[in-house]
Amino acid sequence: MQPQGDIALIGLAVMGQNLILNMNDHGFTVVAYNRTVSKVDDFLANEAKGTRVVGAHSIPELVAALKKPRRVMLMVKAGAPVDEFIDQLLPHLEAGDIVIDGGNSLFTDTNRRVASLAARGIHFIGTGVSGGEEGARRGPSIMPGGSSAAWPHVKPIFQGIAAKVEGGAPCCDWVGEGGAGHYVKMIHNGIEYGDMQLIGEAYHLMRDALGMTADEMHAVFSAWNEGELDSFLVEITRDILKFKDTDGQPLVDKILDTAGQKGTGKWTVVNAAELAQPVTLIAEAVFSRCVSAMKEERVKAARKLKGPRPAIRGDRAKFVEDIRYALYASKIVSYAQGYMLLRAAAAEYRWNLNYGGIALMWRGGCIIRSRFLIRIKEAYDGNPKLANLLLDDYFRGEIKKCQKGWRNVVSMAAKKGIPVPAFSTALSFFDGYRTARLPANLLQAQRDYFGAHTYERIDQPRGQFFHTNWTGHGGRVSSSTYNA
Ligand code: NBP
């Protein structure tokens with residue numbers, strides 16, 4: 001009998017199982033396999049019962065069940081498990097076959113895997129998959145990159161199962177060579193950290209400065225979700241605030257305030273530093289999770305370090321509206337920073353990224369999906385060379401509307417001692433970006449004073465470097481001029 005399998009999927013945890021069922025719904029025959037093989041039969045007997053999913057109990061059995069070119073997708077823990085499965089698969093694959101890694105792998109690992117498998121004639125795709133359990137089952141956002149020759153063989157499956165938006169457009173398209181797909185997923189996750197931190201700061205101000213109850217905040221988030229902040233994360237925040245524990249009290253109030261993280265936010269910040277891009281909001285979001293994790297230390301510090309009382313008097317409804325402005329403006333800055341990093345990465349790694357297309361891929365199916373992303377798509381479709389989202393006419397106008405309220409929130413939070421690191425870094429970045437003359441002249445003077453690092457002058461052409469003997473007893477030799 002001819003092999004029937006359209007694609008194999010290895011890794012029967014939450015993402016793998018749901019992707020398999022989604023592929024099955026779209027008419028594809030999936031071969032399922034897992035390191036702990038007992039989970040294959042368990043899956044076939046339960047979730048996959050009555051479907052056309054085929055179980056495999058070994059790698060040779062999996063490979064034998066696949067049509068050619070063979071397509072094998074890994075949905076396993078990122079890191080060594082991906083390399084271990086590749087090593088197990090390779091002896092059974094032939095030139096033209098395709099291996100896909102759908103986990104949250106570091107893009108540099110994907111670069112390496114694309115190159116090493118290409119040397120053996122095997123195509124490798126590294127793809128971001130976002131949307132969690134529900135997305136995987138009903139339509140995720142899928143961000144594939146790697147060996148472009150493999151894309152036509154994978155496209156019908158991926159675009160078939162992906163979320164659809166605006167007239168049926170799939171939230172999946174080819175991102176680029178090497179690790180480009182995983183890179184875009186990494187930026188997605190970084191932006192997700194930022195969005196969550198911003199919502200958290202809005203919640204903190206409403207709870208501690210205005211003394212609002214969970215039900216009152218639920219009403220605010222419900223209203224916000226009807227406007228330009230309409231998004232998955234605002235929607236689930238609305239629902240979380242409404243959710244009651246068994247005793248009728250809001251469950252959110254009983255959850256310990258220490259945030260976890262799995263690394264993709266940190267990777268974004270490390271890469272931003274490597275590429276000298278000021279992605280300050282995601283950095284604050286990552287570090288805010290670190291501060292939250294210092295729970296015992298914070299509890300002790302709270303007894304010793306006194307500040308102002310957080311309560312704000314005055315027009316509450318107006319302050320809630322100002323918080324909405326702060327959230328919206330900061331979100332625009334965060335996406336502007338994320339896109340700055342994408343542009344720098346495209347130049348550094350020689351990827352031809354479609355910025356509007358990326359916004360469309362994030363438009364549905366994923367955690368950062370929102371109405372707002374269509375505006376980003378329009379901005380880049382209108383001007384693919386747009387230097388910064390903040391310079392787009394639409395976003396310039398939106399920031400203008402928000403500015404007064406945004407500044408009021410940041411200054412009020414400072415006066416009342418409520419931390420708003422993401423709101424304030426967004427505002428500081430905005431002010432820095434729009435400042436023609438920063439104080440870095442003094443900084444350059446300091447560098448030249450203590451280390452003979454040289455400086456450029458405003459009355460001389462760029463690229464000419466000067467050194468001054470500031471103390472009268474320094475030498476004539478200056479340091480080399482370069483940027484690390
Ligand atoms: P997990 O990240 O929990 O991974 C579970 C799978 O990895 C199981 O099949 C497990 O096999 C296998 N595995 C592990 Br753990 N260690 C292994 C090893 N040393 N060698 C071989 N296999 C190993 O599952 P998930 O949450 O479904 O995520 C799968 C991938 O998708 C991850 O890379 C994750 O980062 C990514 N992702 C997750 C989400 C989400 O919302 N959960 C969203 C988007 C992307 P076993 O059954 O034998 O232990």
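Atoms considered below: every heavy atom in the structure, side chains included; atoms not considered: hydrogens, waters and symmetry mates. Only a predicted model underlies this, so the values are computations on that prediction, with no experimental measurement involved. In listed order, ligands and their atoms are each counted from 1.
- Heavy atoms of other residues, nucleotides or ligands lying less than 6.0 angstrom from NZ of K254 number more than 12.
- Residues forming a ring pair (Phe, Tyr, Trp, His ring centres under 6.0 Å) with Y380 (at least two apart in sequence, or on another chain): Y339, Y355.
- Residues meeting the side-chain hydrogen bond (donor to acceptor under 3.5 Å, both in side chains) test with K67, sequence neighbours left out: D6.
- Partners of T51 according to the side-chain hydrogen bond (donor to acceptor under 3.5 Å, both in side chains) rule, which considers only residues two or more places apart in sequence or in another chain, do not exist here.
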May I have every N or O pair linking ligand 1 to the protein at under 3.5 Å, one per line with atom names and distance?
unit_1	atom_1	unit_2	atom_2	d
ligand 1	7 (O)	K77	N	3.2
ligand 1	9 (O)	N34	OD1	2.7
ligand 1	19 (N)	R35	NH1	3.3
ligand 1	27 (O)	V14	N	3.4
ligand 1	27 (O)	M15	N	2.9
ligand 1	33 (O)	V76	O	2.9
ligand 1	33 (O)	N104	N	3.1
ligand 1	35 (O)	N104	ND2	3.4
ligand 1	47 (O)	N34	ND2	2.9
ligand 1	47 (O)	K39	NZ	2.7
ligand 1	48 (O)	R35	NE	3.0
ligand 1	48 (O)	T36	N	3.0
ligand 1	48 (O)	T36	OG1	2.4
ligand 1	49 (O)	R35	NH2	3.0

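- Stacking of R375 on the aromatic ring of F395 is not recorded, the 6.0 Å distance cut-off and the 45° axial limit not both being met.
- Within a 6.0 Å sphere centred on CZ of R52, other residues, nucleotides and ligands contribute more than 12 heavy atoms.
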